[in-house]
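First the proteins, then the strands, lettered A, B, ... as listed; each starts at 1. Scope of the values below: all heavy atoms of this structure, side chains included, with no hydrogens, waters or symmetry mates.
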Amino acid sequence: MSKRVADALFPNIKTTCEEAQAMYPPRALPEGAVCTRFAPSPTGFMHIGGLYTALLNSIFTRSRGGVFFLRIEDTDQKRQIENGVTEIISALDEFQIHFDEGAVSETEDRGSYGPYRQSLRREIYQVFAKYLVEIGRAYPCFCTADELESIRARQEAADAPQKGYYGQWAACRDLDEETVLKRIANGDRWIVRMRSGGKLGVSRVYHDMIRGDLSMQENILDAVIIKGDGLPTYHFAHVVDDHLMGTTDVIRADEWIASIPLHVEMFELLGFPVPRYTHLSPIMKNEVKEDGEGVSRRKLSKRKDPEARVGYYDEAGYPIPAVLDYLLTIGSADYEPWREEHMDAPIYDFRLDLSKTGAAGALFDFDKLNNVAKKRIGHMSEEQIFDAVSAWAKRHDAQLDRFIRDNGDTFRRSITVWHERRLDVAKWSDLMELYPYLYDPDFAVDAGALPESFLAHRERIPGILADYLETFDYEDDSDAWFGKVKEVAARHNYCVKMGAYKKHPEDYNGSIADLSSFIRYALTGTTNTPDLHGIIHVIGREAAIGRVNAFLEKLN
RNA sequence: GGCCCGGUGGUCAAGCGGCUAAGACACCGCCCUUUCACGGCGGUAACACGGGUUCGAUUCCCGUCCGGGUCACCA
């Protein structure tokens with residue numbers, strides 16, 4: 001019936017649906033195995049939400065076997081950016097998310113269900129679009145933007161129960177064949193729309209792995225399937241590709257929930273089985289409202305939030321496995337306890353049950369990320385830390401990089417000081433921040449503003465430090481060194497036993513804690529540090545003595 | 001605005017008709033301790049609201065409120 005229209009629309013398409021499908025044989029997946037995909041658009045830097053989606057897809061698939069592939073959704077030519085595919089691939093690679101099939105570079109694919117970028121699949125979509133036109137389930141639409149707008153205006157005026165292109169409002173839906181043929185021949189601009197069979201007000205139950213059964217009105221819109229440039233819309237491409245490529249589980253962002261009825265109708269129109277759907281809630285952020293009253297949640301925004309960009313985490317020096325751990329704690333309530341038990345297991349050993357993923361969007365929590373990262377770093381070996389920091393510094397911190405190059409051994413020894421039985425460091429950029437006295441070659445203590453707690457001791461400090469220097473021997477081990485500090489303390493009437501001091505503080509000038517803090521401050525410029533003896537042996541004999549001397553000079 | 005989804009402490013969350021309503025992060029206190037940290041112990045803090053159903057509701061139903069999503073030839 002509409003064969004003539006179909007041919008007029010797609011004169012170059014000779015392939016049939018059967019032939020096209022024959023090129024994509026069903027996947028021979030083992031029992032229980034799944035096939036999933038990550039399908040981003042190359043429109044900018046990788047978003048943390050995209051990474052989250054990719055990660056969950058990946059874990060879900062790895063933990064039960066199957067195929068995970070990367071498909072590039074580049075049907076919107078206007079939004080493409082230079083090297084968009086490379087951006088995606090390198091970000092995923094950096095976060096150790098690997099694909100079995102899909103785009104592997106700006107131009108190359110791997111796998112036999114490709115091509116894996118939609119711009120290269122134009123003819124395939126057209127085969128199925130042509131078929132739908134032939135069987136009368138799709139038709140060309142010649143409406144201009146202005147006409148569409150006028151339809152909308154009339155719907156508003158008539159208070160139509162639903163706005164959009166459907167039913168009697170669909171101007172091109174029932175154009176007679178001769179008119180259509182004539183307009184095509186005339187070169188009128190056209191797009192193709194599906195002819196929906198849905199009825200207004202009729203609900204159906206759709207299933208989502210996270211939310212369960214969803215009752216929604218079936219689709220009634222004659223959605224566009226082929227755009228003016230001959231490429232498909234997202235919806236049509238999703239249906240054709242995920243069928244051909246054998247996707248069993250579509251795990252994507254929840255902004256697609258509203259499109260489920262549309263997608264299901266398309267699958268059914270084409271006679272394809274419908275995949276299982278899982279819609280992930282976005283990662284949110286609190287924002288102070290514009291009037292300054294209270295806060296509201298909103299999705300992490302590419303434009304406003306630096307932490308939305310995955311590159312942010314690498315630049316800050318969060319270990320990649322820590323970021324992954326954090327994302328998974330958001331993704332599944334089961335993950336944290338599992339991780340406690342299996343601190344050294346690869347993430348892919350975790351069996352992800354998507355039905356246990358929360359339906360509400362989680363607020364991004366830096367406190368939690370930092371805690372997860374500290375634990376992660378705490379479990380790394382010093383060798384792993386050395387390698388990770390070296391690699392990171394090379395990319396993001398010239399000063400630390402230089403230090404490691406010039407003082408590799410020193411740096412290696414320094415790791416013990418802040419790593420052993422400590423959880424101070426969440427990200428590599430903390431190192432310079434926390435420990436300038438270890439890593440800044442030009443480090444000098446500012447004796448201008450002494451800590452308030454020093455005031456009562458001010459007059460005695462020079463004598464104490466002079467005595468300390470007198471007895472100091474770089475070769476002393478930790479016990480010997482501290483023994484001498486105690487001797488100095490006793491000489492100046494600083495109580496060496498904290499218990500005794502607390503009972504009768506009035507009997508002493510101060511405590512061993514006070515006295516230690518003078519040395520600590522002279523060495524590091526702060527009163528809170530890791531083990532002092534360890535620090536002394538990282539900065540070396542010269543600095544260990546020199547800094548105290550310099551401090552003494554400034555005091556006098 | 002219509003439709004859809006969501007709503008347990010500051011945050012992430014267990015719970016799935018009967019509990020003194022877990023746990024983690026953050027915060028506070030104590031202990032340990034030469035500082036800090038680590039570790040141990042303890043603490044503050046929650047079922048959005050109003051109706052039902054039920055012997056009994058955090059849990060089931062309805063409404064309200066709040067938050068989010070979606071209504072394109074963008075994905």
Any donor-acceptor pair under 3.5 Å linking the side chain of [X] with the backbone of [Y]?
X	Y	value
A/Thr144	A/Glu147	yes
A/Asp477	A/Asp479	yes
A/Gln126	A/Gly230	yes

*Would you please name every residue forming a ring-ring contact (aromatic ring centres under 6.0 Å, His included) with A/Tyr125, sequence neighbours left out?*
none
Need one value for [X]: base, sugar-phosphate or nothing, where a base atom within 4.0 Å counts as base even if backbone is also close, heavy atoms only.
X	value
A/Thr526	nothing
A/Trp418	nothing
A/Arg211	sugar-phosphate

Which one is paired to [N], where only Watson-Crick or G-U wobble pairs with both distances under 3.5 angstrom count?
N	answer
B/G63	B/C49
B/A24	B/U11
B/U58	none
B/U34	none
B/U44	none

How far does the [atom1] atom of [N] sit from the matching atom of [M], given to the nearest Å?
N	M	atom1	answer
B/A45	B/C28	C1'	11 Å
B/C5	B/C61	P	12 Å
B/G50	B/C65	P	15 Å
B/A21	B/U8	C1'	9 Å
B/G9	B/C47	P	7 Å
B/A24	B/G43	P	12 Å
B/A14	B/G7	P	10 Å

*asked:* Just the rounded figure in Å: distance from C1' of B/C3 to CG of A/Leu221.
replied: 12 Å
*Starting at CG of A/Leu214 and ending at P of B/C3, how long is that distance when rounded to a whole Å?*
16 Å
Flag this pair as yes if the NZ/CZ of [X] is under 6.0 angstrom from the six-membered ring centre of [Y] and inside a 45 degree cone about the axis; otherwise no.
X	Y	value
A/Arg339	A/Phe350	no
A/Lys484	A/Tyr468	no
A/Arg37	A/Phe69	no

_With a 4.0 Å limit, can you tell me whether A/Lys78 has a side-chain N or O closer than that to the phosphate oxygens OP1/OP2 of B/A75?_
no
*Would you mind listing every salt bridge (charged side-chain N to carboxylate O under 4.0 Å, His left out) that reaches into residues 413-433 of chain A, with sequence neighbours excluded?*
A/Arg422-A/Asp424, A/Lys427-A/Asp430
For nucleotides 58-64 of chain B, list the nitrogen or oxygen atoms of the protein found under 3.5 Å from its nitrogen or oxygen atoms, one pair per line.
none

*For A/Phe482 and B/U34, is the gap between ring centres under 5.5 Å while the planes differ by less than 30°?*
yes
